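We count ligands from 1, going down the list as the structure has it; atoms in each ligand are counted the same way. As the structure is a prediction and not an experimental result, all values here were calculated from the model.
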Amino acid sequence: MSEEKVLIFDTTLRDGEQSPGASLSIAEKLEIAQQLAVLGVDIIEAGFPVSSPTQFEATKLVAEQVAGPTIAGLARANEGDIEAAGKAITPAKKKRIHTFIATSPVHMEHKLKKSSDEVLKMAVNAVKFARTIVDDVEFSPEDACRSEMSFLIEILAAVIEAGATTLNIPDTVGYILPYEYGQIIARLKSDVPGIDKCIISTHCHNDLGMAVANSLAGVRNGARQIECAVNGMGERAGNAALEEVVMGIRTRPDFFATQSTGGLSTNINTKEIYRTSQLVSQLTGFVIQPNKAIVGANAFAHESGVHVDGILKERTTYEIMTAESIGLGGSRMVLGRHTGRHGFTDRCKQLGFKLNKQEIEHAYKRFLEIADKKKEVFDEDLAAIINEEIHVVEHVFELEYLHVASGTGTLPTASVKMKAKNETKQAAACGDGPVDAAYEAIRQATGLSPKLDNYTIRAITSGKEALGEATVRISDDGRTFIGRGISTDIIEASAKAYVDAINRMVAAKGGTAEMKAEL
Ligand code: KIV
Ligand code: ZN
């Protein structure tokens with residue numbers, strides 16, 4: 001009996017980007033898509049092209065530049081949406097249109113205000129129209145898990161007739177439990193005429209924390225595609241986490257080997273999981289909780305004496321997978337201020353960063369600054385330094401000087417000197433705390449006051465010299481911008497993150513000239 005493949009359909013750039021507060025620029029989406037291709041996903045859902053010009057452009061750019069995976073564009077079941085999706089994915093070598101319409105009574109009655117007959121007709125017409133553009137068409141009955149089973153069977157049979165090649169069964173509101181989801185997939189597999197010609201796909205949301213369990217229950221019952229997102233990003237509580245479903249299948253081949261298959265596997269290069277997770281976290285500003293399965297900082301850390309003792313005697317006593325299998329650990333090299341450019345470049349390569357000459361120069365300079373303050377620079381620090389240096393936008397504003405005074409019983413005050421091209425501006429302010437004071441001073445110096453939506457700080461590595469990473473989310477005119485800063489001093493990291501976000505906002509507005517004039 002041969003092993004079967006489970007296709008990984010990544011929707012980080014579409015459903016994932018629908019996470020409240022997540023916002024990616026077109027360049028960032030392309031960077032993530034390129035990494036998803038390195039990771040080995042089979043399908044990238046690059047966006048919902050009709051929903052905005054940016055979504056259209058991002059999907060098109062991914063279709064033009066990312067080789068390997070099939071590129072999918074999402075469309076509601078109407079010709080306008082499908083045409084836009086078709087246009088956006090045209091440049092891709094392998095392309096798919098993913099069209100959907102809701103099939104549950106509550107959605108049909110209240111949202112669509114349509115009868116089930118009308119919905120069925122729209123679904124069939126949409127799939128037929130999509131097939132005039134591409135050969136690979138996926139259909140999703142939205143809110144499938146709260147739909148009538150008889151209607152689900154009817155509509156799926158009809159869209160198969162119309163030419164659908166993948167049938168996706170979304171648990172749109174994260175309502176279903178694993179046993180039930182498995183039963184739904186099994187029933188559809190046995191009762192929908194023609195379904196054996198199609199791939200059955202899972203798309204599970206995590207409102208009850210069941211997204212991964214439901215997806216795997218679906219696979220166990222015959223689904224051969226999982227829709228998922230890196231770090232479990234997505235609407236509300238998110239989608240099934242890519243890293244969890246992939247490692248679930250890899251770690252438990254015994255569970256998935258049935259009478260009809262010799263086992264299941266995916267095409268994912270699991271050694272790229274950690275890097276992909278970090279990249280998505282960095283670019284979206286969504287910090288990963290330490291106890292997050294697979295990619296959390298504690299996922300491979302052992303604290304209890306009994307556990308450490310067991311691990312030292314035999315690793316498998318307390319570890320079901322290795323850190324190396326997701327691209328972590330291995331030889332843990334520590335760099336320091338005596339590390340030369342050559343050693344630094346080598347380590348960057350070993351960690352999988354492909355940097356050009358200029359990026360190496362910038363990253364090395366920053367590395368030396370940090371190594372001067374922090375004797376030991378670990379791989380995680382290096383990754384943060386590189387990410388900070390290569391994700392720069394044009395620096396309209398630069399923080400030249402920051403002084404903060406705070407303490408018990410004193411009013412926190414900050415003074416800053418900001419450089420904007422050839423001019424400098426100074427400002428001083430007080431605030432509720434040192435970060436608040438620094439941010440107020442930055443606002444005065446730049447003359448810009450975006451809304452601060454979110455601020456987080458984390459230590460990249462442990463110890464008293466740990467590098468701190470601040471992430472801020474600001475918004476202006478309904479648009480969101482993420483900024484990051486790293487430093488051994490958390491106030492400095494916070495100020496840098498704020499300035500980084502402001503620079504991104506200015507770059508997005510294309511307003512460098514006017515910003516300069518305003519100073
Ligand atoms: O959750 C959902 O139903 C979706 C569909 C568009 C597939 O995201
Ligand atoms: Zn969804």
Should the proximity of Asp15 to ligand 1, defined as any heavy atom under 4.0 Å, be assigned to the side chain, the backbone, both, or neither?
-> side chain
With the threshold set at 4.0 Å, does a side-chain nitrogen-carboxylate oxygen contact exist between Arg14 and Glu235?
-> no
Evaluate side chain to side chain donor-acceptor pair (under 3.5 Å) for Thr166 paired with Glu138, printing each intermediate quantity in order.
-> CA-CA 5 Å; Thr166 297; Glu138 173 170 330; 4.7 Å; no
Starting from atom 3 (O) of ligand 1, which protein heavy atom do you reach first, and at what distance in Å?
-> Thr172 OG1, 2.6 Å
Please determine if the Zn ion (ligand 2) has an N/O/S atom from Asp15 lying under 2.8 Å away.
-> yes
Short side-chain donor-acceptor distance under 3.5 Å, Thr103 and Ser147 = yes
Atoms of ligand 1 under 4.0 Å from any heavy atom of Glu142, numbered from 1 in the order shown, are 3 (O)
Heteroatom distance test (His205, ligand 1): nitrogen or oxygen, under 3.5 angstrom = yes
Give the contacting part of His98 toward ligand 1: side chain, backbone, both or neither, where contact means a heavy-atom distance below 4.0 Å.
-> side chain
For atom 8 (O) of ligand 1, state which one of Arg14, Glu45, Arg236 supplies the nearest heavy atom.
-> Arg14
Looking only at N/O atoms, are Asn168 and ligand 1 under 3.5 Å apart anywhere?
-> no
So, Arg224 and Glu4, do they make that salt bridge, N to O below 4.0 Å?
-> yes
Checking side chain to side chain donor-acceptor pair (under 3.5 Å) against Ser140, which of His203, His98, Glu227 comes through?
-> His98
Below 4.0 angstrom, N of the basic side chain to O of the carboxylate: do Glu109 and Lys114 qualify?
-> no
Above 12 or not: heavy atoms from other molecules or residues under 6.0 Å from NZ of Lys95?
-> yes
Return the residue, atom name and 0.1 Å-rounded distance of the protein heavy atom closest to atom 4 (C) of ligand 1.
-> His203 NE2, 3.4 Å
